[in-house]
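Working notes, structure below.
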Protein chains: 2
Amino acid sequence: MHDFALEGYHPGLSLDCVIFGFHENELKVLLLKMKNWDKWALPGGFVPKNMGVDEAAAEALFERTGLKDIFLRQFYLFGNPERNNADHVEKLVKRGVIQENLKSWFSQRFVSMGYYSLVEFSKVTPVPDTISEFCEWKPLSDLPPMIIDHEEILQRAYQTLKKELDDEPVWLNLLPEKFTMTELQTLYETILGKQLDRRNFRRKILSWEILVETGERRTGGRHKAPILYQFDLEKYDRALREGLKQGW
Amino acid sequence: MHDFALEGYHPGLSLDCVIFGFHENELKVLLLKMKNWDKWALPGGFVPKNMGVDEAAAEALFERTGLKDIFLRQFYLFGNPERNNADHVEKLVKRGVIQENLKSWFSQRFVSMGYYSLVEFSKVTPVPDTISEFCEWKPLSDLPPMIIDHEEILQRAYQTLKKELDDEPVWLNLLPEKFTMTELQTLYETILGKQLDRRNFRRKILSWEILVETGERRTGGRHKAPILYQFDLEKYDRALREGLKQGW
DNA sequence: AGATCTTTGCGTCATTATGACACAATAAGA
DNA sequence: TCTTATTGTGTCATAATGACGCAAAGATCT
């Protein structure tokens with residue numbers, strides 16, 4: 001294995017991606033289980049010298065999920081000088097997570113750019129990276145112990161997601177192409193952590209005029225078959241630009 | 001002069017601060033005029049190795065304005081690999097803006113964290129830094145030519161400010177302690193770039209219940225003396241946490 | 001002192017958005 | 001065909017918003 005520094009990564013800069021998915025009425029996050037260690041980490045990486053930071057984040061996302069052209073957004077630069085302490089690197093080496101020759105690279109002070117991403121759960125094929133044993137979805141409601149400040153990064157991403165939800169219909173990235181109104185409502189309820197009135201929810205969503213009926217219905221349940229909706233991309237793009245509710 | 005790198009700055013990372021002020025019914029930005037060069041730059045700096053990134057930004061802000069505990073917020077990490085080109089550094093050296101021995105430091109690829117700040121215009125004492133000739137306010141409506149991508153950074157900060165304005169009463173940071181409703185309205189109109197109805201504006205602002213009357217009025221105009229308001233800090237803090245309009 | 005000018009404070013009214021809730025329609029299984 | 005669960009579509013009262021009118025009050029001018 002080569003030395004990371006020699007391979008030409010931007011010094012002192014790392015990336016952490018909080019990848020959200022929606023499955024079984026739960027919001028889940030894609031996490032990596034460290035080798036020989038009962039700690040989990042956010043997918044992330046470093047920035048090749050010839051690559052933009054956003055580009056490198058998209059690349060990292062692609063490697064873990066197999067997906068391209070995915071919703072991915074900066075939310076905070078974690079720049080506390082104590083966030084990557086020497087003790088942590090020592091543990092990484094001792095447990096064989098990283099090789100001895102990479103110790104100097106990992107011992108740098110890192111400033112980490114936090115990204116959050118919204119993906120369609122069913123399309124993801126989780127792939128572990130070189131320092132992890134496996135990669136899997138974990139519900140936000142039951143998170144495993146995580147390395148250094150990754151739990152804080154995750155929580156901050158979640159707060160940002162909640163806030164963005166008020167302004168932009170970002171949730172489209174979490175759903176499959178066709179979905180029912182109830183599925184969308186459950187997603188909202190899950191993210192916001194509260195119950196919403198079915199009839200008022202429907203009225204509000206439809207008032208944005210970003211959904212169109214597919215003409216199909218979902219059959220199989222022992223009840224009235226619900227309409228399947230999909231996005232009207234043109235109108236959606238306009239809503240994204242202008243915001244759903246423009247004050248003043 | 002010492003070598004920047006040896007002085008212990010975090011490598012490849014810089015800061016740019018877009019400092020907004022409100023004066024003479026205009027939104028203005030604090031800019032630095034480069035030495036021997038008709039180009040302007042945003043105040044910024046580098047991050048000392050023992051200092052947090054946010055902390056370093058606050059320090060840079062303090063040095064240019066003399067102000068502490070000021071509204072300062074990250075808005076975007078500029079991470080394009082081409083943003084600091086070799087040609088630009090060559091110019092800096094040739095024009096004597098930076099010394100020859102600093103050339104290697106400035107020739108690094110920099111990733112720059114963008115911050116925007118809101119300050120009370122009258123409290124600022126602009127101070128130039130080592131690479132600039134002077135430091136002054138420039139109206140957003142008539143910006144001078146700027147180095148590398150600083151114009152883009154500035155515009156992006158302005159877009160962010162406009163957006164935040166819908167969710168949070170961040171504008172308080174731009175006004176003096178006591179102000180009239182009309183002054184506040186003019187500020188809104190300036191930032192948003194559109195006229196608002198005086199009576200509806202008043203109703204909406206007061207409905208947030210973050211302002212209290214001081215009991216004083218501003219005299220001197222050839223008309224009815226307007227009430228001077230100030231913030232109710234407690235209520236304002238709550239509004240900041242919850243957002244002014246919580247959807248759902 | 002009174003007229004004039006300008007901006008302020010505080011309303012009204014019509015329209016729209018929101019919250020709470022009711023009821024008929026329908027897919028699947030008994 | 002009957003039952004059950006869930007869906008589609010309403011209504012109604014209340015709150016928020018947009019458009020606009022008018023009297024009150026400082027300062028200046030006559």
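Keep in mind that the numbers below use all heavy atoms, side chains included, and drop hydrogens, waters and symmetry copies.
- Here C:dA17 presents its C1' atom at 13 Å from CH2 of A:Trp208, a figure rounded to the nearest Å.
- Close to C:dG11, at under 4.0 Å from its OP1 or OP2, lies no side-chain N or O of B:Arg199.
- One atom, CZ of A:Arg202, and another, P of C:dC21, lie 20 Å apart when rounded to the nearest Å.
- Applying the 4.0 Å criterion to OP1 and OP2 of D:dG26, one finds that B:Arg217 has every side-chain N and O outside that range.
- Put simply, A:Thr182 has a side-chain N or O that comes within less than 4.0 Å of OP1 or OP2 on D:dT7.
- No salt bridge links B:Glu164 with B:Lys162; every basic N to acidic carboxylate O contact stays at or beyond 4.0 Å.
- Distance CD1 (A:Ile227) to C1' (D:dT6): 13 Å, rounded to an integer number of Å.
- Distances were taken from every side-chain heavy atom of A:Arg222 (C-beta onward) to each of C:dA25, D:dA19, C:dG29; the shortest belongs to C:dG29.
- Ring geometry, A:Phe121 versus A:Trp137: the interplanar angle falls from 30° to 60°, so the pair is classed tilted.
- Note: B:Phe75 and B:Tyr116 have perpendicular aromatic rings, judged against thresholds of 30 and 60 degrees for the angle between ring planes.
- Comparing C:dT7, D:dT11, C:dG9 by their closest approach to the side chain of B:His223 singles out C:dT7.
- For the pair A:Lys204 and C:dT18, the criterion of a side-chain N or O lying under 4.0 Å from OP1 or OP2 is met.
- Across every non-hydrogen atom of B:Leu32 and B:Leu42, the tightest pair is CD1-O, 4.1 Å.
- A straight line from CD of B:Glu183 to P of C:dT7 spans 14 Å, rounded to a whole angstrom.
- In terms of polar N and O atoms assigned as donor or acceptor, the side chain of B:Arg203 never comes within less than 3.5 Å of the base of C:dG9 in a complementary pairing.
- Side chain A:Arg198 to base D:dG8: a donor-acceptor pair is found below 3.5 Å.
- Every residue was checked against the salt bridge (Lys or Arg N to Asp or Glu O under 4.0 Å) condition with B:Asp54, not counting sequence neighbours, and none meets it.
- Across all strands shown, B:Thr180 has no heavy atoms under 4.0 Å from either base or sugar-phosphate atoms.
- The interatomic distance linking A:Asn200 (CG) with D:dC12 (C1') rounds to 12 Å, in whole Å.
- When rounded to the nearest whole Å, the span between CG of B:Asp197 and C1' of C:dT15 equals 15 Å.
- A straight line from CD of B:Glu216 to P of D:dG26 spans 15 Å, rounded to a whole angstrom.
- Atoms CZ (B:Phe201) and P (C:dT8) sit 12 Å apart, rounded to a whole Å.
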